[in-house]
Amino acid sequence: MTTDISQDRVLIFDTTLRDGEQSPGATMSHAEKLEIAAMLDEMGVDIIEAGFPIASEGDFAAVKAIAEQSGNATICGLARANPKDIDRCWEAVRHAKSPRIHTFIGTSPQHRAIPNLDMDQMAERIHETVSHARNLCDNIQWSPMDATRTEWDYLKRVVGIAIKAGATTINIPDTVGYTAPVESADLIRRLIAEVEGAEDIIFATHCHNDLGMATANSLAAVAGGARQVECTINGLGERAGNTALEEIVMALKVRNDILPWSTRVDSTKIMNISRRVATVSGFPVQFNKAIVGKNAFAHESGIHQDGMLKSADTFEIMRPADVGLKETNLVLGKHSGRAALRSKLKELGFDLADNQLSDVFVRFKALADRKKEVYEDDLEALMRDQSQGP
Ligand code: KIV
Ligand code: ZN
């Protein structure tokens with residue numbers, strides 16, 4: 001069964017609970033996994049990769065429970081290229097309303113060395129394991145791990161074999177974050193053009209962020225014809241992480257003029273799930289992280305604050321409400337100007353004449369020089385001192 005998808009829609013495949021959880025130290029409890037899966041389903045993610053069922057009893061139980069509670073999202077489990085892994089995966093995901101088995105094998109020269117198979121033996125293994133999975137489930141994803149470092153002729157050959165054996169989604173992983181946008185687009189475009197049967201299946205992109213290009217590479221792959229983007233909340237994932245879901249969703253929303261594809265994700269739920277994933281994984285979000293960082297909608301400098309007070313679009317390309325934030329944060333600090341101070345004081349109930357503001361402004365600057373950030377409490381104390389006089 002191929003997922004029904006129109007040409008301008010991109011499926012969002014979230015792997016926070018599988019690839020994200022593989023980050024050293026990011027382990028989540030059973031209850032936390034169920035909670036995150038429910039939030040992903042609720043926000044409109046199309047496919048949730050819930051875990052790696054053969055990895056442990058705990059992983060199996062989590063994938064099974066997520067499958068049992070599933071709503072609209074397809075629930076997917078990961079399996080290596082052997083029947084035992086695939087059977088265990090099926091046992092866990094088959095409880096979902098819409099189950100998927102995702103099986104993979106490393107196809108690059110670096111990865112082929114590990115199972116000690118030559119190219120023909122590996123091709124045979126791919127045919128056998130994808131056929132085996134397809135006999136269990138009609139929604140099969142296959143990944144040639146380290147695809148971006150796999151020889152072109154071999155990649156083309158094995159993708160063709162997986163399609164013939166029954167794969168319905170072919171995922172092209174940039175496992176070590178090695179590709180660049182032009183190459184990422186080109187690879188998908190050429191596979192779609194040159195592999196027999198490619199027009200009947202969905203191509204996916206799965207990028208890692210080792211060179212900081214995961215989002216750019218994923219969007220380039222979409223331009224090349226990929227219709228599924230694999231990503232995680234906050235970009236959680238091994239080493240430098242995976243493509244960040246929030247970046248893909250917001251890039252497609254904000255720049256729909258030049259990235260004319262849409263997702264089903266409700267972007268107003270982004271901030272909430274970002275905070276929850278940060279808490280349960282124990283991986284705090286960096287302050288300047290795109291979309292979900294503490295500073296992503298914060299402005300401190302006088303020029304920026306002044307501009308923002310006149311019109312938000314001077315320094316903001318998206319509205320805070322679009323990602324589930326109440327408002328822009330005008331942080332008061334030593335770079336802030338009078339306009340921001342006046343506006344904050346007004347919010348706190350102090351409507352000052354120009355000469356009063358000038359006095360407070362001098363004291364505010366002295367305080368801001370001593371403190372990194374001036375909070376509402378500090379301003380109230382400043383105003384109390386002001387009214388009591390010298
Ligand atoms: O990065 C990768 O290659 C993976 C595969 C298992 C798809 O996560
Ligand atoms: Zn990965």
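Please read these numbers as outputs of a predicted model, since none were measured by experiment.
The existence of a salt bridge linking E373 and K294 is confirmed by a sub-4.0 Å separation between a basic side-chain nitrogen and an acidic carboxylate oxygen. Between R88 and E57 there is a salt bridge, since a side-chain N of the basic residue sits under 4.0 Å from a carboxylate O of the acidic one. Using a 4.0 Å cut-off between a side-chain N of Lys or Arg and a carboxylate O of Asp or Glu, D266 and K269 qualify as a salt bridge. Between D378 and K371 there is a salt bridge, with a side-chain nitrogen of the basic residue lying less than 4.0 Å from a carboxylate oxygen of the acidic one. Using a 4.0 Å cut-off between charged nitrogen and carboxylate oxygen, K289 and E246 count as a salt-bridge pair. Taking 4.0 Å as the cut-off between side-chain N and carboxylate O, K344 and E347 count as a salt-bridged pair. Between D8 and R227, none of the side-chain N atoms (NZ, or NE/NH1/NH2) sits under 4.0 Å from a carboxylate O, so this pair counts as no salt bridge. With respect to K64 and E91, no salt bridge is recorded, no charged nitrogen being found less than 4.0 Å from a carboxylate O. Of the charged side-chain nitrogens involved, at least one lies within less than 4.0 Å of a carboxylate oxygen, so that K310 and D306 count as a salt-bridged pair.
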**OP:** Could you please spell out the steps behind the side chain to side chain donor-acceptor pair (under 3.5 Å) verdict for Q305 and S336?
**Re:** CA-CA 7 Å; Q305 291 185 334; S336 304; 3.2 Å; yes

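Separating the CD1 atom in I202 from the CD1 atom in I192 is a distance of 10.5 Å, to the nearest 0.5 Å. Expressed to the nearest 0.5 Å, how far CZ of R384 lies from CG of L379 amounts to 11.0 Å. Going from atom CD1 of I233 over to atom OG1 of T15 covers 11.0 Å, rounded to the nearest 0.5 Å.
Few gaps surround CZ on F361; more than 12 heavy atoms of other groups in view lie less than 6.0 Å from it.
Looking only at atom types and distance, the side chain of S143 has a donor-acceptor partner in the side chain of N171 under 3.5 Å away. Side-chain contact annotation: R125 with Q121, donor-acceptor N/O pair under 3.5 Å absent. For the residue pair H132 and N82, no side-chain donor N or O sits within less than 3.5 Å of a side-chain acceptor on the partner. There is a side-chain donor-acceptor pair under 3.5 Å between S108 and D146. In this structure, a donor-acceptor pair under 3.5 Å is absent between the side chains of N295 and N288. Using a 3.5 Å distance cut-off with no hydrogens or angles, the side chains of Q141 and E230 do pair a donor with an acceptor. Under the 3.5 Å distance criterion, with hydrogens and angles disregarded, a donor-acceptor pair is assigned to the side chains of T74 and S98. Between the side chains of E32 and S29, a donor-acceptor pair is found at a separation under 3.5 Å. T129 and R80 are not linked by any side-chain donor-acceptor pair at a separation below 3.5 angstrom, with hydrogens and angles left out of the test.
Applying the side-chain hydrogen bond (donor to acceptor under 3.5 Å, both in side chains) criterion to D153, with sequence neighbours excluded, gives no partner residue. Applying the side-chain hydrogen bond (donor to acceptor under 3.5 Å, both in side chains) rule to D46 yields the partners R9, R264; only residues at least two apart in sequence or on another chain are considered. With sequence neighbours left out, the side-chain hydrogen bond (donor to acceptor under 3.5 Å, both in side chains) criterion links E300 to H335.
With hydrogens and angles disregarded, no donor-acceptor distance shorter than 3.5 Å links the side chain of D41 to the backbone of A37. The backbone N or O of K372 sits nowhere less than 3.5 Å from a side-chain atom of K334 that would complete a donor-acceptor pair. Of the possible donor and acceptor atoms, none in the side chain of R18 sits under 3.5 Å from a partner among the backbone N and O of G51. Side chain of S281 to main chain of F283: a donor-acceptor pair is present (N/O by atom type, distance under 3.5 Å, no hydrogens or angles). The backbone N or O of G237 sits nowhere less than 3.5 Å from a side-chain atom of T232 that would complete a donor-acceptor pair.
Residues W142 and V159 have side chains in contact (heavy-atom distance under 4.5 Å, counting atoms from C-beta outward). With contacts defined as side-chain heavy-atom distances shorter than 4.5 Å, the pair T27/E21 qualifies. Looking at heavy atoms from C-beta onward, T179 lies out of side-chain contact with L211 at the 4.5 angstrom threshold.
Note on ring orientation: taking the six-membered ring where Trp is involved, the planes of F13 and H102 are perpendicular (angle over 60°, cut-offs 30° and 60°).
For the pair R112 and Y154, the cation-pi criterion (under 6.0 Å, within 45° of the ring axis) is fulfilled.
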